[in-house]
S.K.: 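One structure, as structure tokens, below. Some questions next.
We count ligands from 1, going down the list as the structure has it; atoms in each ligand are counted the same way.
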Amino acid sequence: MIRTNTALRAAALAAMAGLGLAGCASGPSVEPTGETTTVTITAVGMAYDPAEIEVPLGDRLVVEFENADAMVHDITFGNGEASERVPSGGTETIDVGVVDGDMEFWCSVAGHRAQGMEGVVVAAD
Ligand SMILES: [Cu+2]
């Protein structure tokens, strides 16, 4: 299992490296646009609203996270960026960075993701 995953990851990295070389001489595989997309995501009823956001590929994403639920929540992105745990009624702004592909987000509070607190950033090309 572990060996298979490692092999797949190595293959994916090799493929990405190949694309990077084909695209440009250095740096990330996506050329940053220099633009910033700011989106408000609200936590309410053990879910995110909206649960899917579309961001132009290469834009920097800034998320205004609002917790309109009665419980403590956070928002954690697939690239490692995350909010603090935000109390009911609280807000936090997260600089997610340049969007270089589709990316999941979820709540890291125990059990919340399994109850539906997840969503996806769709990189629009
Ligand atoms: Cu939560």
Side-chain angles (χ1 to χ4, degrees):
M1 202 59 153
I2 289 169
R3 193 166 292 167
T4 304
N5 285 340
T6 303
L8 285 172
R9 194 168 298 127
L13 286 172
M16 286 167 70
L19 288 173
L21 286 172
C24 60
S26 64
S29 56
V30 169
E31 192 71 31
T33 62
E35 303 291 321
T36 298
T37 294
T38 303
V39 179
T40 298
I41 298 178
T42 302
V44 62
M46 199 60 81
Y48 292 111
D49 180 26
E52 180 176 323
I53 61 172
E54 195 174 284
V55 178
L57 188 68
D59 267 25
R60 174 173 296 278
L61 172 61
V62 172
V63 170
E64 307 274 4
F65 177 56
E66 297 183 354
N67 185 1
D69 199 49
M71 303 174 67
V72 168
H73 296 292
D74 69 18
I75 186 165
T76 300
F77 293 87
N79 67 354
E81 297 296 336
S83 72
E84 300 294 325
R85 297 213 163 163
V86 177
S88 177
T91 63
E92 187 178 329
T93 301
I94 306 103
D95 184 347
V96 184
V98 173
V99 173
D100 61 1
D102 293 356
M103 180 168 55
E104 295 181 303
F105 60 86
W106 63 88
C107 179
S108 74
V109 176
H112 286 198
R113 186 175 190 180
Q115 292 177 69
M117 287 202 78
E118 61 183 356
V120 63
V121 176
V122 176
D125 203 355

S.K.: Checking side-chain contact (heavy atoms from CB on, under 4.5 Å) between T37 and each of V63, D59, V62, which is the one that passes?
M.R.: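 That would be D59.
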
S.K.: Check step by step if side-chain hydrogen bond (donor to acceptor under 3.5 Å, both in side chains) holds for S88 and N67.
M.R.: CA-CA 5 Å; S88 177; N67 185 1; 5.5 Å; no

S.K.: Below 2.8 Å, which protein N, O or S atoms neighbour the Cu ion (ligand 1), ignoring water?
M.R.: H73 ND1, C107 SG, H112 ND1, M117 SD

S.K.: With S108, which of H73, M117, R85 fulfils side-chain contact (heavy atoms from CB on, under 4.5 Å)?
M.R.: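 It is R85, the one option of H73, M117, R85 that forms the side-chain contact (heavy atoms from CB on, under 4.5 Å) with S108.
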
S.K.: In chain order, what residues pass the side chain to side chain contact (heavy atoms under 4.5 Å, CB included) check against N79, with sequence neighbours excluded?
M.R.: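 By the side chain to side chain contact (heavy atoms under 4.5 Å, CB included) rule, N79 matches F77, E81, V96, M103.
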
S.K.: Tell me if a side-chain donor or acceptor on Y48 pairs with a main-chain N or O of C107 at a distance below 3.5 Å.
M.R.: yes

S.K.: If we only count heavy atoms from C-beta on, is the L61 to I53 side-chain gap below 4.5 Å?
M.R.: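 Of all side-chain heavy-atom pairs linking I53 with L61, at least one is under 4.5 Å.
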
